[in-house]
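Working notes for the structure below.
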Amino acid sequence: MEELKDTFGRTHDYLRISLLERCNLRCTYCMPEEGVQLRDKSEFMTQEELLHITKLFVSMGIKKIRLTGGEPLIKKNFSSIIQELSALPVELTLTTNAVLLDRFITDLKAANVQKLNISLDSLNEARFNAISRRKDFKKIMANINLAVKEGFDVKLNVVLMKGVNDAEIIDFIQLSKNQKINIRFIEFMPFNGNEWDWSTTVSYQSIMAQVNQHFGEENLVTETAKPNSTSKNFRIKGYQGDFGIISTITNPFCDTCNRIRLTADGRIKNCLFSATETDLLSALRKGEEIAPLIRQNILKKQEKRAGIDSFESEAGKEIFSQNRSMTTIGG
Ligand code: SAM
Ligand code: SF4
């Protein structure tokens, strides 16, 4: 089948699948304290439906799949899902909070998953537990070390929030000194209900100012950007690992976007910020063709951040306030 090209010439070959909306953590920037509203099981894709839709995407040129959520590792049939997906001709990856990672090392290896994105917002136990509203810091740190030891290519996702964890930027980069680990600083993004405002965003410029002041500009090596990369990457001279900055707010990377998202309830989103979704699951259950729906959705993709020019304008606020929370999109 023909590849998924939008009206701006961008080919979409990367599918992010949210396996579920629920999570075992309650990160303040992502989830309400009480968790997401529980919905009837019938509203979500079954394993068969998930596989059917995914295979169709692969026939339309998807080459990379990331499983996310909510927390993908609390999905009951995770092992079976990953085993089935591993038969597809794609690169399979996972984003996880790592609380349960030790239980799935064997399954992940068997499915040939080589890259893991792990979220960790503080290296300070009390702060991490406060951000995630749970007490799993020690377990997560042990599992991150285990993942590195087991040979996975580990990226650590750090959502920076001013006055919360931005004093830890240098400490995080130091983690890349003796380990081949990639630290990715992510600008805090606005979603429905997460109380974002400009004052909480730690910008690309302020991160680089701290880095240059601490390490000295002469010790910073800029790495060549990979195609479709969302981060600008740097290495401190002599360090084994590196770090990157994902600046969706202050410096978006929409020009090379190749991503499409499938939510756990079977809807597709052509942009993280888009409130406009296409319901593939209902169409599939009615026996309708879903390939044309996928194409139409991609053709409606806007050039930049779902048309949000400014996050402060009323028009911008209107768009992102209609969007789902991150945990129901699948970051
Ligand atoms: N539970 C898994 C985890 O935390 O890695 C996967 C799902 S989580 C929604 C995926 C990613 O989205 C995480 O790295 C998280 O830090 C990021 N995220 C969630 N809310 C965000 C926000 N408001 N701004 C920026 N990143 C966010
Ligand atoms: Fe859960 Fe991940 Fe959201 Fe934290 S960021 S609440 S771990 S889904």
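Ligands are counted one by one from 1 in listed order, and the atoms in each one are counted from 1 as well. Remember, predicted model here, so these are calculated numbers, not experimental data. The first residue in the sequence is number 1, and the count goes up from there.
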Taking only heavy atoms of [X], which atoms of ligand 1 are found under 4.0 Å from at least one of them?
{"X": "T68", "value": "6 (C), 7 (C)"}
{"X": "N157", "value": "14 (O)"}
{"X": "E71", "value": "1 (N), 2 (C)"}
{"X": "G70", "value": "1 (N), 2 (C), 6 (C), 7 (C)"}
{"X": "G69", "value": "7 (C), 9 (C)"}
{"X": "N97", "value": "2 (C), 3 (C), 5 (O)"}

Look at the N, O or S atoms of C23, main chain and side chain alike, and state whether any lies under 2.8 Å from atom 4 (Fe) of ligand 2.
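For C23, the answer is no, given that no N, O or S atom comes within less than 2.8 Å of atom 4 (Fe) of ligand 2.
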Check E168 with R127, please: is the shortest side-chain N to carboxylate O separation under 4.0 Å?
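Yes.
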Looking at every non-hydrogen atom in both residues, tell me the closest pair between R26 and R133 and how far apart they are.
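Heavy atoms only, the tightest pair is O-NH1, 2.7 Å.
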For C257 versus K301, what's the shortest heavy-atom pair and its separation?
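In terms of heavy atoms, the two residues are closest at SG-NZ, 3.1 Å.
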Would you call the rings of F137 and F128 parallel, tilted or perpendicular, taking 30° and 60° as the class edges?
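Answer is tilted, since the angle falls between 30° and 60°.
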Identify which one of R134, K138, K135, K139 satisfies the salt bridge (Lys or Arg N to Asp or Glu O under 4.0 Å) criterion when paired with E125.
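Testing E125 for a salt bridge (Lys or Arg N to Asp or Glu O under 4.0 Å) against R134, K138, K135, K139 leaves exactly one candidate, K138.
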So if I count the atoms of ligand 2 from 1 in the order they appear, which ones are less than 4.0 Å from some heavy atom of G70?
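Per the distance check, 8 (S).
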Return yes or no for this condition: an N or O of [X] is under 3.5 Å from an N or O of ligand 1.
{"X": "M189", "result": "yes"}
{"X": "S119", "result": "yes"}
{"X": "T95", "result": "no"}
{"X": "T96", "result": "yes"}

Without hydrogens or angle criteria, can the side chains of [X] and [Y] be said to hold a donor-acceptor pair below 3.5 Å?
{"X": "Q114", "Y": "N112", "answer": "yes"}
{"X": "D40", "Y": "S42", "answer": "yes"}
{"X": "E71", "Y": "N24", "answer": "no"}

Could you give the distance from CD1 (I118) to CG (L156), rounded to the nearest 0.5 Å?
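Here the rounded value is 6.5 Å.
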Do any of the N/O/S atoms of C30, backbone or side chain, fall under 2.8 Å from atom 1 (Fe) of ligand 2?
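So C30 does not count as coordinating atom 1 (Fe) of ligand 2.
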